[in-house]
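Read through the structure below, which is laid out as structure tokens, and then see the notes.
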Protein chains: 2
Amino acid sequence: MTGNGKPRGAYAKTAARRREILEAGIEVFSSSGFRNGSIRDIADRVGMSQAGLLHHFASKIDLLTAILEWRDHEDRERLDLQGQPKGLEAVRSLLELVEHNSRVPGLVELYCTLSAEATSADHPAHQYFIDRYRTVVGYAVESFELMRQRGELADGVEPASAGRSMIAVMDGLQVQWLLNRESLDMALELRHHVQPLLTVDL
Amino acid sequence: MTGNGKPRGAYAKTAARRREILEAGIEVFSSSGFRNGSIRDIADRVGMSQAGLLHHFASKIDLLTAILEWRDHEDRERLDLQGQPKGLEAVRSLLELVEHNSRVPGLVELYCTLSAEATSADHPAHQYFIDRYRTVVGYAVESFELMRQRGELADGVEPASAGRSMIAVMDGLQVQWLLNRESLDMALELRHHVQPLLTVDL
DNA sequence: GTCTATAGAGGGATAGAC
DNA sequence: GTCTATCCCTCTATAGAC
């Protein structure tokens, strides 16, 4: 039924195991970073030995890669980074993403920690974050360009700057929020940042 | 002449040594973070053994503390975070700070890396960064409040949000800039962000 | 003030039993 | 699929010689 020689049950169990490890990995890399987080710690959290974990992921970097791929997949469901530029709709989906992020502090911490760590050229996720920012900032800039054409942008607002700044605000607010979650509402602040750039209501 | 029993020359040499270590420490903690950076690496850079380094700074955390204190001192010279709120002048000095930062990528990387790492509650610099953001965001918010009173703020701009966002943009742009220094001019982008909030020229 | 040596903890990855 | 045992590495900090 599955198209190969192995019974389906074993696969399901392995997939579930990988998933557990993935989630524990996010927890650990979030708070300790990749370089400082240990796969021993991750293995402990799923009640497994370190060698047992390495049966599912060949190396520590292999696990990191899987985490980043998994998270990319989740992101794509929310943003549709591939299709046609979407203007105002894209800005709205970024706002919704931020609202959603407020409910998953672990993932926010993961990205905040990893992106800073990965500014270092020899970090295994360095190229990943360069690509990611190119994509995400590009997505924002293209959206503002489309809004400019549609007359939805206030006078003097440059699409390229507005796009870069919007992503910058999202990232910067995350640091402030992680240090003190009561000090601000990320989605609200982002709304306050973006609304004045527009001639239409968000 | 120095007011105590030890010869001045020895002190001067020690101070110079501490300074060298401090600078090497910034280099290493910048690119590797605090938790992953090693004092052995720092010692190598000043041509010294690791044990030799620990003669000048009792522990790794002791060195980190000294680095943060030193950098605070530099910052205070540029911003005057203590005195009376300064309105537009304060916004201008933040812009100048960003311009200055573009010339010292190492320090930018240090703060970017450490602040992200220190969102973790058990990080030795955790409280330091909570305090620092309280101070810096407070400085920005108070400045915008003063500008509101002076009629220098555009309609609908809330000082509290504008202050938090301005700091957020500064931090967010740093990440983008560290990942790709050719992709943007931090000071220019910040200017583009702030100018539309004002009724006066920057 | 600086060194060598070393203690003692913790890390990633591999080998091989079950 | 999971374990134990182990290898070999790196790290911080200390002790003690010079």
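Heavy atoms only: backbone and side chains are in, while hydrogens, waters and symmetry mates are out. Letters go in sequence order (proteins before strands), and every chain restarts at 1. Just so it is clear, the model here is predicted, and its values are computed rather than measured.
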Does A:His55 put a side-chain nitrogen or oxygen below 4.0 Å from OP1 or OP2 of C:dT14?
no
Could you check how far [atom1] of [X] sits from [atom2] of [N], rounded to whole Å?
X: A:Leu53; N: C:dG12; atom1: CG; atom2: C1'; value: 11 Å
X: B:Asp44; N: C:dT4; atom1: CG; atom2: P; value: 11 Å
X: A:Arg18; N: D:dT2; atom1: CZ; atom2: C1'; value: 16 Å
X: B:Ile21; N: C:dT2; atom1: CD1; atom2: C1'; value: 11 Å

Pair up each side-chain donor or acceptor in residues 165-179 of chain B with any protein partner under 3.5 Å, not counting sequence neighbours, and list the distances.
{"from": "B:Ser165", "atom 1": "OG", "to": "B:Ser161", "atom 2": "O", "distance (Å)": "3.1"}
{"from": "B:Asp171", "atom 1": "OD2", "to": "B:Tyr133", "atom 2": "OH", "distance (Å)": "2.6"}
{"from": "B:Gln176", "atom 1": "NE2", "to": "A:Arg164", "atom 2": "O", "distance (Å)": "3.2"}

Just to verify, what does [X] make a side-chain hydrogen bond (donor to acceptor under 3.5 Å, both in side chains) with, not counting sequence neighbours?
X: B:Ser93; value: B:Tyr139
X: A:Asp75; value: A:Arg71, A:Arg132
X: B:Arg19; value: B:Glu23

Pull out every residue in residues 110-125 of chain A that has a heavy atom closer than 4.0 Å to any atom of DNA chain D, ordered by number, or say none.
none
Does anything in residues 72-94 of chain B pair up under ring pair (Phe, Tyr, Trp, His ring centres under 6.0 Å), and if so which pairs, sequence neighbours excluded?
none
Pairwise ring pair (Phe, Tyr, Trp, His ring centres under 6.0 Å) hits with a residue in residues 79-112 of chain B, at least two apart:
B:Tyr111-B:Phe129
Taking A:Glu27 first and then A:Arg45, would you say they form a salt bridge - that is, a charged N and a carboxylate O separated by under 4.0 Å?
yes
I'd like to check the side-chain contact (heavy atoms from CB on, under 4.5 Å) partners of A:Leu54; sequence neighbours left out, ordered by chain and number.
A:Ile39, A:Gln50
Any chance you could list the contact pattern along nucleotides 4-18 of chain D? Use B for base contacts, S for sugar-phosphate-only contacts and - for none, protein heavy atoms under 4.0 Å, 5' to 3'.
B------BBBB----
